[in-house]
Amino acid sequence: VDNHLSFPPFTEHWLASEATSGSDARGRQNAEEVRGSEAVVTASRRSTIALAAVGLLVSWALFLGPSAGARPPRMAAARHDSAPRATSESAPPQHVIAVKPPQYVIAVKKGETLLGLLRRAGATPANAASAIDALAKKWNPRDLRAGQKIGLQFDNAGLRELRLVPDPRHDLVLRRVGDGDFAAALKARALVRVPVRVAGKVASTLSAAAFAAGMPRAVLGKFIDVFRDQVDFRREIRPGDRFVVMYNRLIDQKTGKPVGVGDLSYASLALGDRVLRLFRFAPPDARAHFYTAAGRSVKKALLRRPIHGARLTSPFGMRIDPVLKIRALHAGIDLAAPMGTPVFAAGNGVVARVGWEKGYGRLVVLRHKDGYSTAYAHLSRFAKGVRPGVRVKQGRVIGYVGNTGYSTGPHLLYEIRIDNRPVNPQTVKLPPAHELKGAARAAFRQRKDAVEAQLAALRANGEDEFAAN
């Protein structure tokens, strides 16, 4: 994400002064002549004195800087007339020094909190705490990233304004509105979405091929998520396999700069003779997800692996128990992952059980529709709010990987049961989460045709589906 902040140019402080024109000075010279023994001060001498005064004032402002705490007063050039004059023509020139509140763009250090950043920038503890409380209503300060840029403006009362880019689509602006009070506003950016097609062929690994083809890391992550329930990326990807993805590049309309990537609209994989083509579509009564060319949802009612980045260490079936040393049915699959890795609800359901269960250790059991249930064992701890009777949605964090019960290392034991009978999570046929019917199915076909037309336009003449860019 390009952290472009739409501020005016930021400087520590700047000075502005007014000066009279030469013709005005000559006019005053004629009007200021006096008779007698009194000294005659010419316009050029008065200008010299005025410039000397300005020089002293500029030096004073630069020495004290923005922290001087007070705005310099208006200073009038010294008069050397023999008598005061009431006409506007006799008024001496005035020179004004305006010191504006300093503004900064500051980068977040590794491991730094927003409170720490504001204190480092000069905000008082009370000022910083009040600002964070107001920001938290629109954005989670824990989402602060190392290297993220924050725009800050201070005045004599402390922090006056804060700006940051929480995501490619929004600007977050915080302003002081009262005596120590702040208000935050999330403002949508004007973005242009430009379709981009990336195609490639695997030589060693999918990630290496994707990066070589120019696929952004964020797009690769989304691509893998799309196929997570259809493809075992650790076992099924082979040299020669091909891929295509089309996504939206987000361009800031104001600056013309790319600020990130949007949603994928199409993704396909050719694994040997097996070709998977998926189209993103948002039905009128459901959230957007991916469908096959025939209009069947690839999102299942249950996830086969309710954890990211895990490694299968023990499959479903009969085995010698590594702790009890007896032959017994392993009623689920073991997914090894670092201690504390989040574990997700495999599908929408109700929490049926939370607690300790002998060899399972810390265990969560969810009950789903049509007789399905899922179990998550050996957890280190449960997620906040997970208790019997609570409804959960697919993807909600319900616990964290641990090593409790009869376990030889950090992992998740994941079970799927149908009418309390254990089945293999890797091979059981799972119902789709959503089916297209009637008008929704017709709308999907229109969307599919539009996406295929875009893909064809982004390919050169004569290229096939998987031709590289």
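All of these numbers come straight from a predicted model, not from anything done at the bench. Below, each value reflects all heavy atoms present in this structure, side chains not excepted, and no hydrogens, waters or symmetry copies.
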Pairs of donor and acceptor atoms involving the side chains of residues 121-134, under 3.5 Å and at least two apart or interchain, shall be tabulated with distances.
unit_1 : atom_1 : unit_2 : atom_2 : d
Thr124 : OG1    : Asn127 : N      : 3.1
Asn127 : OD1    : Leu159 : N      : 2.7
Ser130 : OG     : Gly180 : O      : 2.8

Counting only heavy atoms not in Arg391, do more than 12 sit closer than 6.0 Å to its CZ atom? no

side-chain hydrogen bond (donor to acceptor under 3.5 Å, both in side chains): which pairs involve residues 295-312, sequence neighbours left out? His289-Ser297

Residues Lys254, Asp171: salt bridge by 4.0 Å N-O rule: no

Answer yes or no: is there an ion pair linking Asp225 with Lys222, defined by an N-O contact shorter than 4.0 Å? no

Mind telling me whether His411 and His378 have parallel, tilted or perpendicular rings, with 30° and 60° as the class edges? tilted

For Ala331 and Arg417, which heavy atoms make the closest approach, and how far apart are they? CB-NH2, 4.3 Å

For Gln230 and Val298, which heavy atoms make the closest approach, and how far apart are they? NE2-O, 3.1 Å

Phe279 and ring-ring contact (aromatic ring centres under 6.0 Å, His included): which single residue from Tyr266, Phe290, Tyr291 fits? Tyr266

Given side chains that start at C-beta, do those of His330 and Leu413 come closer than 4.5 Å, heavy atoms only? yes

Look only at the side chain of Gln148 and the backbone of Val165, and say whether a donor-acceptor pair between them is shorter than 3.5 Å. yes

Residue pair Pro195 / Asn248, side-chain heavy-atom distance below 4.5 Å: yes

